[in-house]
Amino acid sequence: MTDFRTLRGMADLLPIHTDRWQFVEDLVRIHFKKAGLQEIRTPLIEATELFSRGIGEATDVVSKEMYSFVDRGDRSCTLRPEGTASVVRAVLQHGLLNQGPQRLWYGGPMFRYERPQAGRQRQFHQIGVEFFGLSSVRSDAELISIAWDFLQDLGLSGLKLELNSLGTFEDRKKYHSRIVSWLEDHYKMLDKDSQERLYKNPLRVLDTKNPTTQKLLEEAPMLKESLSMDSLQRFADLQFALKKLEIPFEINNKLVRGLDYYCHTAFEITSTNLGSQSTVCGGGRYDQLVEELGGPGTPSIGWAIGMERLMMLLDENIDIQNVPNAYFVNRGEDACIQALVIARKLRTLGLTVELDNSQAAFQKQFKRANRSKAKWVLILGENEILKGEVLVKCLTSTNKQFENLETSFDISDIDGLVKLLKSF
RNA sequence: GCGGGCGUCGCCAAGUGGUUAAGGCAGCGGCUUGUGGCGCCGCUAUUCGGGGGUUCGAAUCCCCUCGCUCGCCCCA
């Protein structure tokens, strides 16, 4: 044990994890490509004000969770706590909106100074999608379908899509005053947490876990009662589109996303297999954010998936370890250099070869060969060198055709060797 | 920021006041200079997260501290 450890809330991804991460990352790229999305990469550090203005001064993320510091030029800088604000900044800075609607995706680490728990770290990873300049409900449905189809393709089960409409900002403002005055009238009957939230973030009182408050709230004014006719129609249209896409969903009137900038569509994809932090994917529409950050009025919508939470949902049993085609056992002075040469040739021809350079006893090398899960083992020792051959054995018993197969190839017959190794 | 649980070898662990701190996995060496996945033998913690105290004596009791973990808040 050394003196140094990762900082609290920071995690190393070891080889056993990175195999799985790469599998997921490869799959999501395929999905994004098929959906015609383009990748955008922004810096991890931005001016603090970008987030305080974009996400909302009063939100928890901004008020108590940001990793901020003053740099040597006296500027207040912040490690990004989410992706959307940075993407909007980049889109505006480079005038991308002048080239028409943008359909973008991003991915990478985000930082939030919170107490770590299951499904929550201080450095965590998100992949997200943002559409700019698309106002139709069909974009909302399409955007949701991209997330849904990707998660389904990963073989995840037990996922639930929850949906709500927050209406326009006017709708929300109207509701805000209604709910606040109702809550004030019932102040004494609220639990302590809800009393505090009443002034901090009243819409979130709806989401309380306290059962008596929950019951009380059944009488409270509902958000949807404050929505305008247009907002209601829009919400109905979205539901219609999702039904056409055969994406199952549930309406959750209490779903209020925490970030200030959402309007109209808000949604979450949750799983019961995650512990207390059950949201894998969250998103919504934010038609005023671009303007808020100094750009032209631009309808926008996006979502983000939490990679760590996603990884927790992946079936432990699915085998996505990258297994080599062959493990190369070798021993002896001539053999080891010959093995190096052959291994390189095989790699050039597209095979993955793990070369044992230990010169350890054959027994040892064979043990490692098995552990590597390689399909084949190549053997080159003094006897083989004398005969000018490489010995090949099949290591897996899952394939009956090759089970217990043991054969030799002339050292110069690389093509024959490759043909066999590629045969399964 | 506030609660609960936990901290013995790289990993999983037994041990709850008494001479040398079980065991398993992994690692290394050997049986066997050459054939594994299921053999056998041996080696690997002067030390129990760290510091202080109680005691003839502590991994085991007390205090402080650090870390991990789960939950609240909030969010991906």
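Being a predicted model, the structure only gives us computed values, none of them experimental. Because only heavy atoms are used, hydrogens play no part in the values below, and waters and symmetry mates are left out as well, while side chains stay in.
In terms of the ring pair (Phe, Tyr, Trp, His ring centres under 6.0 Å) criterion, A:H176 has no residue partners (sequence neighbours excluded). With sequence neighbours excluded, no residue satisfies ring pair (Phe, Tyr, Trp, His ring centres under 6.0 Å) with A:F249. Applying the side-chain hydrogen bond (donor to acceptor under 3.5 Å, both in side chains) criterion to A:E49, with sequence neighbours excluded, gives A:R53. With sequence neighbours left out, the side-chain hydrogen bond (donor to acceptor under 3.5 Å, both in side chains) criterion links A:D171 to A:T168, A:S231. A:F124 is linked by a ring pair (Phe, Tyr, Trp, His ring centres under 6.0 Å) to nothing, counting only residues two or more places apart in sequence or in another chain.
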Distances under 3.5 Å between nitrogen or oxygen atoms of protein and nucleotides 26-29 of chain B:
from  : atom 1 : to     : atom 2 : distance (Å)
B:G27 : OP1    : A:R371 : NH1    : 2.4
B:G27 : OP1    : A:R371 : NH2    : 2.7
B:C28 : OP1    : A:R368 : NH2    : 3.4

Find every protein N or O atom lying less than 3.5 Å from an N or O atom of nucleotides 67-71 of chain B, and list the pairs.
from  : atom 1 : to     : atom 2 : distance (Å)
B:C68 : OP2    : A:R8   : NE     : 2.9
B:C68 : OP2    : A:R8   : NH2    : 2.9
B:C70 : OP2    : A:A118 : N      : 3.1
B:G71 : OP1    : A:S276 : N      : 3.2
B:G71 : OP2    : A:A118 : N      : 3.4

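Nearer the 5' end of RNA chain B, as judged by each residue's closest nucleotide, is the contact made by A:K64, out of A:E308 and A:K64.
If you check residues 53-61 of chain A against RNA chain B, the residues with a heavy atom closer than 4.0 Å are A:D60, listed by number. Of the residues in residues 280-287 of chain A, those lying under 4.0 Å from RNA chain B by heavy-atom distance are A:V280, A:C281, A:G282. Near RNA chain B, meaning a heavy atom under 4.0 Å away, there are no residues from residues 25-39 of chain A.
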Which pairs would a plain distance check flag for residues 79-89 of chain A, meaning a side-chain donor or acceptor within less than 3.5 Å of a matching protein atom at least two apart in sequence or in another chain?
from  : atom 1 : to     : atom 2 : distance (Å)
A:R80 : NE     : A:P109 : O      : 2.8
A:R80 : NH1    : A:T42  : O      : 3.4
A:R80 : NH1    : A:T42  : OG1    : 3.4
A:R80 : NH2    : A:P109 : O      : 3.1
A:E82 : OE1    : A:Y261 : OH     : 2.6
A:E82 : OE2    : A:T84  : N      : 3.4
A:E82 : OE2    : A:A85  : N      : 2.8
A:T84 : OG1    : A:E130 : OE2    : 2.7
A:R89 : NE     : A:Q93  : OE1    : 3.1
A:R89 : NH1    : A:E46  : OE1    : 3.0
A:R89 : NH1    : A:E46  : OE2    : 2.4
A:R89 : NH2    : A:Q93  : OE1    : 3.3

List the atom pairs, with distances to 0.1 Å, where a side-chain N or O of residues 305-313 of chain A and a protein N or O form a donor-acceptor pair under 3.5 Å, not counting sequence neighbours.
from   : atom 1 : to     : atom 2 : distance (Å)
A:E308 : OE1    : A:H125 : N      : 2.9
A:E308 : OE2    : A:H125 : N      : 3.4
A:R309 : NE     : A:G119 : O      : 2.7
A:R309 : NH1    : A:T279 : O      : 2.9
A:R309 : NH2    : A:G119 : O      : 3.1

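A:E82 comes within contact range of no nucleotide atom at all, as no heavy-atom separation falls under 4.0 Å.
Of the side-chain N and O atoms in A:R197, one or more sit less than 4.0 angstrom from OP1 or OP2 of B:C74.
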